[in-house]
Amino acid sequence: MKKILFFISMITLSVGTHAQVNVPEPEFINSYCILTSDSTYAILPKEQGTIGKHENKVRKWGKLLSGAASIAGAAGGIIGLNSAASGSFSGTMAGVRMMGTSAGIGHAANAVSNLAGSEGMDIVFKGGHSPYTLSSDGQAARLLIKGENNDTDPMESYRIVRFKSSKKERRIQWMEFESALIGSEETKKAGYVQFEGHKYGEQSYILTIPASELEKGEYGIFYMSIISATTIPVGTFSVK
């Protein structure tokens with residue numbers, strides 16, 4: 001019954017969001033913005049992540065997860081890969097490039113998962129906090145993202161994560177899994193946040209994080225589709 005009520009509330013929220021929002025689409029592709037009202041938004045910062053060894057004991061995910069992709073994107077589009085999986089950084093990069101730009105999201109992600117290995121790596125960001133802070137006021141957060149187009153399901157294209165943070169850094173263990181698992185107990189424990197996504201305008205999406213999911217902490221938005229071997233932008237924000 002709780003799941004049914006949550007599903008109904010998300011549909012109601014979605015209808016209300018699209019009926020009220022009236023903002024221009026962001027100027028640039030891969031812009032991450034957060035709606036500050038129905039008619040205004042702020043541009044979120046993009047940060048550069050690096051790949052590091054997972055700092056905690058690896059969770060056994062069984063058949064739920066299809067592997068772990070050690071990917072990091074950043075301002076301007078920088079990607080990191082686990083070189084140990086192929087023996088060298090250049091070997092790993094060559095393996096990814098073989099996918100080509102026409103490969104689908106799922107195929108590309110699976111290829112990187114195989115290269116990176118099954119245990120997963122951490123994507124690490126310097127500093128304990130994002131430059132942008134969102135006040136926790138009991139409201140849902142609405143993210144406005146501009147892509148090359150909005151023809152694909154954003155649930156397949158994006159992941160929103162809650163970082164494990166300290167005074168010096170923020171990190172998340174990268175996991176590759178089917179979009180149907182978003183919101184499951186397993187993915188929530190790993191730091192992956194439940195959200196809903198819909199197209200907006202000609203090239204954009206609005207991703208809505210329910211208020212119940214917005215705990216105090218550090219967050220990041222990852223673009224899953226591998227357009228080239230060097231492009232996965234990461235937007236960040238803090239919730240206080």
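These values consider heavy atoms only, across backbone and side chains, with no hydrogens, waters or symmetry-generated copies.
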(message) Rounded at 0.5 Å granularity, tell me how far SG in Cys33 sits from CG in Leu44.
(response) 6.5 Å
(message) Going by the rule side chain to side chain donor-acceptor pair (under 3.5 Å), which residues pair with Ser31 if we only count those two or more places apart in sequence or in a different chain?
(response) none
(request) Identify the two heavy atoms, one from Pro24 and one from Leu144, that lie closest to each other, and give their separation to 0.1 Å. (result) O-CD2, 4.1 Å
(request) Could you go through the side chain to side chain contact (heavy atoms under 4.5 Å, CB included) check for Glu169 and Lys126 one step at a time? (result) CA-CA 5 Å; Glu169 65 183 20; Lys126 292 182 179 180; over 6 Å; no
(request) With the side chain counted from C-beta on, respond yes when Asp38 and Arg142 share a heavy-atom pair under 4.5 Å apart, and no when they do not. (result) yes
(request) Determine whether Glu47 and Pro131 make a side-chain contact, defined as any pair of heavy atoms from C-beta on separated by less than 4.5 Å. (result) yes
(request) Decide yes or no for Tyr223 and Val234: does some side-chain heavy atom of the first lie under 4.5 Å from some side-chain heavy atom of the second? (result) no
(message) Tell me every residue that passes side chain to side chain donor-acceptor pair (under 3.5 Å) with Tyr158, counting only those two or more places apart in sequence or in another chain.
(response) none
(message) Do Ser165 and Phe125 make a side-chain contact, defined as non-hydrogen atoms from C-beta onward lying under 4.5 Å apart?
(response) no
(message) The criterion is side-chain contact (heavy atoms from CB on, under 4.5 Å); which residues satisfy it with Lys167, sequence neighbours excluded?
(response) none
(request) Please determine which of Val161, Thr50, Ile172 meets the side-chain contact (heavy atoms from CB on, under 4.5 Å) test together with Ile123. (result) Ile172
(request) Would you check if Tyr192 and Met175 make a side-chain contact, meaning some heavy-atom pair closer than 4.5 Å? (result) yes
(message) Under the rule for side chain to side chain donor-acceptor pair (under 3.5 Å), what residues qualify as partners of Lys168, not counting sequence neighbours?
(response) none
(message) To check you understand the geometry: which heavy-atom pair defines the closest contact between Leu214 and Ala140, and what is its length?
(response) CD1-C, 4.1 Å
(message) Less than 4.5 Å apart, side chain to side chain, heavy atoms only: is that true for Ile221 and Ile145?
(response) yes
(request) Identify, with sequence neighbours excluded, every residue that meets side-chain contact (heavy atoms from CB on, under 4.5 Å) alongside Ala42. (result) Ile34, Thr36, Tyr132
(message) Going by side-chain contact (heavy atoms from CB on, under 4.5 Å), name the residues that satisfy it together with Ser39, two or more places apart in sequence or in a different chain.
(response) Ser37
(message) Has Ser130 got a side-chain atom pairing as donor or acceptor with Thr236's backbone, closer than 3.5 angstrom?
(response) yes
(message) When you measure from the side chain of Glu25 to the backbone of Ser204, do you find a donor-acceptor pair of N or O atoms at a distance under 3.5 Å?
(response) yes
(request) Would you name the heavy atoms of Ile209 and Gln194 that are closest together and state the gap between them? (result) CG2-O, 3.9 Å
(request) Could you pull out all residues at least two apart from Lys188 that satisfy salt bridge (Lys or Arg N to Asp or Glu O under 4.0 Å)? (result) Glu213
(message) Regarding Asp122 and Arg170, does a basic nitrogen lie under 4.0 Å from an acidic carboxylate oxygen?
(response) no
(message) Checking Gln139 now: which residues fulfil side-chain contact (heavy atoms from CB on, under 4.5 Å) with it, not counting sequence neighbours?
(response) Asp137
(request) Report yes or no: does Glu196 contribute a side-chain atom to a donor-acceptor pair with the main-chain N or O of Thr208 at less than 3.5 Å? (result) no
(request) Kindly write out the residues that satisfy side chain to side chain donor-acceptor pair (under 3.5 Å) with Tyr205, not counting sequence neighbours, or none if the list is empty. (result) Thr152
(request) Could you tell me whether the side chain of Val23 reaches within less than 4.5 Å of the side chain of Leu35, counting heavy atoms only? (result) yes
(message) Please enumerate all residues that pass ring pair (Phe, Tyr, Trp, His ring centres under 6.0 Å) together with Phe237, with sequence neighbours excluded.
(response) Tyr219
(message) Could you check whether any side-chain N or O of Tyr200 sits under 3.5 Å from a backbone N or O of Asn150, counting only pairs where one atom can act as donor and the other as acceptor?
(response) no
(message) Run the salt bridge (Lys or Arg N to Asp or Glu O under 4.0 Å) test against Arg159 and tell me which residues pass, sequence neighbours left out.
(response) none
(request) For the pair Lys240 (side chain) and Leu134 (backbone), establish whether a donor and an acceptor sit closer than 3.5 Å, ignoring hydrogens and angles. (result) no
(request) Output yes when a side-chain donor or acceptor of Ser184 lies under 3.5 Å from a complementary backbone atom of Leu181, and no otherwise. (result) yes
(message) Just so I know, are the side chains of Ile206 and Val21 near enough to count as touching, which here means a heavy-atom distance under 4.5 Å?
(response) yes
(message) Has Lys46 got a side-chain atom pairing as donor or acceptor with Asn30's backbone, closer than 3.5 angstrom?
(response) yes
(message) To check you understand the geometry: which heavy-atom pair defines the closest contact between Gly197 and Leu207, and what is its length?
(response) CA-CD2, 3.7 Å
